[in-house]
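Encoded as structure tokens, the structure appears first; notes follow it.
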Amino acid sequence: MRFDILTIFPNLVLPYFEDSILKRGKDSGDIEFHVHNIRDYSKDKHNKVDDTPYGGGAGMLMTCQPLFDAIRAVKKENKGPVIFMSPQGKRFNQEKANELSKLNEIILLCGRYEGIDQRVRDELVDIEISTGDFVLPGGELPALTIIDAVSRLIPGVLGAEDSAHDDSFSEGMDGMLEHPHYTKPAEFEGLKVPDVLISGDHGKIAEWRKTNRKNPN
């Protein structure tokens with residue numbers, strides 16, 4: 001899976017790929033990341049990428065030229081859909097993560113300020129996604145959220161073929177949340193692990209886990 005991330009703050013994004021499963025997936029070649037600075041595509045002598053909105057109002061909007069040129073340049077190497085993080089977008093969930101994990105390439109566009117010129121959305125954006133009903137300064141954190149959720153579903157990234165199958169919201173969980181988890185010691189400060197989990201009876205353990213799944217609502 002190839003991810004291309006377009007942002008005006010590459011240094012907010014790049015360190016995230018240097019640890020944990022994303023680094024392991026990158027090192028193994030199962031996933032690859034390319035981060036592009038939108039300012040590099042600006043034709044303004046000061047690399048400006050924003051301007052005041054027509055009709056007035058607070059804040060600034062990211063302008064057409066740098067975004068059109070940046071996206072078109074990246075599309076020469078990445079034929080996947082352009083995803084824009086937006087409060088108006090469809091809510092991101094595990095089902096959407098599963099859908100995106102089937103793709104080979106994705107382009108993630110991170111907005112800033114008050115957003116981007118609508119013409120970019122109309123002409124070049126394929127999918128708009130929201131990660132929740134709240135407002136952030138930019139799209140970098142939502143983009144990383146999508147990358148994290150999608151990457152762990154790609155075979156080989158987690159290192160265990162079925163380790164994502166029983167995660168909360170996964171197909172194997174029928175939309176339910178995971179059961180409680182315990183590890184050693186069996187007792188800590190008088191708090192004990194449920195007896196069934198240390199009984200060795202795998203049938204009863206499986207039944208306990210199924211019974212103790214949580215409803216997300």
Side-chain angles (χ1 to χ4, degrees), residues 1-14 16 22 33-42 44 47-75 78-153 168-171 175 177 216-217:
M1 167 76 81
R2 170 177 174 144
F3 296 94
D4 282 80
I5 304 97
L6 285 75
T7 173
I8 61 171
F9 294 116
N11 289 336
L12 290 181
V13 176
L14 287 166
Y16 200 71
L22 294 185
F33 308 102
H34 302 268
V35 181
H36 310 268
N37 190 338
I38 297 168
R39 292 189 187 279
D40 292 342
Y41 296 89
S42 174
D44 179 83
N47 300 118
K48 186 178 179 182
V49 296
D50 63 317
D51 212 328
T52 55
Y54 281 121
M60 305 285 278
L61 282 176
M62 297 183 73
T63 57
C64 284
Q65 180 273 309
L67 291 172
F68 266 72
D69 287 358
I71 294 170
R72 284 170 173 166
V74 171
K75 290 288 281 185
N78 184 327
K79 307 302 182 184
V82 176
I83 300 174
F84 176 55
M85 271 55 64
S86 161
Q88 292 84 20
K90 183 178 179 181
R91 180 70 66 85
F92 186 65
N93 56 23
Q94 192 64 33
E95 181 181 359
K96 191 64 177 179
N98 287 328
E99 177 185 329
L100 294 176
S101 72
K102 305 297 191 297
L103 302 175
N104 294 320
E105 300 172 314
I106 293 174
I107 299 171
L108 295 154
L109 173 59
C110 305
R112 277 275 157 175
Y113 313 120
E114 289 298 309
I116 65 176
D117 191 294
Q118 183 64 35
R119 290 167 288 188
V120 180
R121 299 166 81 161
D122 292 342
E123 296 297 320
L124 296 175
V125 171
D126 300 301
I127 304 169
E128 295 196 19
I129 288 179
S130 168
T131 53
D133 295 335
F134 48 85
V135 178
L136 295 171
E140 288 77 16
L141 283 176
L144 292 173
T145 298
I146 291 171
I147 291 170
D148 238 351
V150 171
S151 292
R152 66 192 312 278
L153 298 173
S168 297
F169 304 113
S170 67
E171 294 178 2
L177 302 178
N217 299 319

| note | Between Ala70 and Leu6 the two heavy atoms that sit nearest each other are CB-CD2, 3.6 Å
| Hey, what do you get for CD (Glu123) to CD (Gln118), rounding to the nearest 0.5 Å? | 10.0 Å
| field | Test item: Glu140 side-chain N/O and Val13 main-chain N/O as donor-acceptor pair under 3.5 Å | value | no
| query | Is any side-chain N of the basic residue among Asp133 and Arg91 closer than 4.0 Å to the acidic one's carboxylate O? | reply | yes
| request: Apply the test side-chain contact (heavy atoms from CB on, under 4.5 Å) to residues Leu141 and Met85: give CA-CA distance (whole Å), side-chain angles for both, the deciding distance (0.1 Å), then the verdict. | output: CA-CA 9 Å; Leu141 283 176; Met85 271 55 64; over 6 Å; no
| remark: In terms of heavy-atom contacts, Met62 and Arg112 come closest through SD-N, 3.3 Å
| remark: Closest non-hydrogen contact found for Val150 with Ser101 is CG1-CA, 3.7 Å
| task | Find out whether Thr7 and Leu12 are in side-chain contact, i.e. whether some heavy atom of one side chain is under 4.5 Å from a heavy atom of the other. | result | no
| query | Any donor-acceptor pair under 3.5 Å linking the side chain of Gln65 with the backbone of Tyr41? | reply | yes
| request: Mind checking the NZ-CD1 spacing from Lys79 to Ile107? Nearest 0.5 Å is all I need. | output: 9.0 Å
| message | Run Ile71 and Phe84 through side-chain contact (heavy atoms from CB on, under 4.5 Å) and show every step you take. | response | CA-CA 11 Å; Ile71 294 170; Phe84 176 55; over 6 Å; no
| message | Any non-hydrogen side-chain atom of Pro142 less than 4.5 Å from a side-chain atom of Phe92? | response | no
| task | Mind checking the CD1-CG spacing from Ile5 to Leu109? Nearest 0.5 Å is all I need. | result | 11.5 Å
| Gly80 backbone acceptor or donor facing Lys75 side chain under 3.5 Å | yes
| query | Who passes side chain to side chain contact (heavy atoms under 4.5 Å, CB included) against Lys90, sequence neighbours left out? | reply | none
| request: Check for a donor-acceptor pair, side chain of Ser42 on one end and backbone N or O of Lys48 on the other, with a separation under 3.5 Å. | output: yes
| said: I'd like to check Phe33 versus Leu22 (side-chain heavy atoms, cut-off strictly below 4.5 Å). Are they in contact? | reply: yes
| said: Assess, by modelled atom type and distance only, whether the side chains of Gln88 and Ser86 contain a donor and an acceptor separated by less than 3.5 Å. | reply: yes
| task | List the steps and the verdict of side-chain contact (heavy atoms from CB on, under 4.5 Å) for Leu108 and Ile146. | result | CA-CA 9 Å; Leu108 295 154; Ile146 291 171; 4.3 Å; yes
| said: Is there a side-chain contact between Ile83 and Ile129 in this structure, where contact means two heavy atoms from C-beta onward sitting under 4.5 Å apart? | reply: yes
| field | Minimum-distance pair of heavy atoms, taken over all atoms of Val82 and Leu124 | value | CB-O, 3.3 Å
| How long is the gap from CG on Leu153 to CG on Asp148, to the nearest 0.5 Å? | 10.5 Å
| query | So, do Leu61 and Tyr54 sit near enough that their side-chain heavy atoms are less than 4.5 Å apart? | reply | no
| query | If you round to the nearest 0.5 Å, how far is CZ of Phe3 from CG of Leu100? | reply | 8.5 Å
| Reported CD1-to-CD distance for the pair Ile127 and Glu99, which is rounded to 0.5 angstrom | 6.5 Å
| said: Quick one, Thr63 and Asp44 - any side-chain contact, counting heavy atoms below 4.5 Å? | reply: no
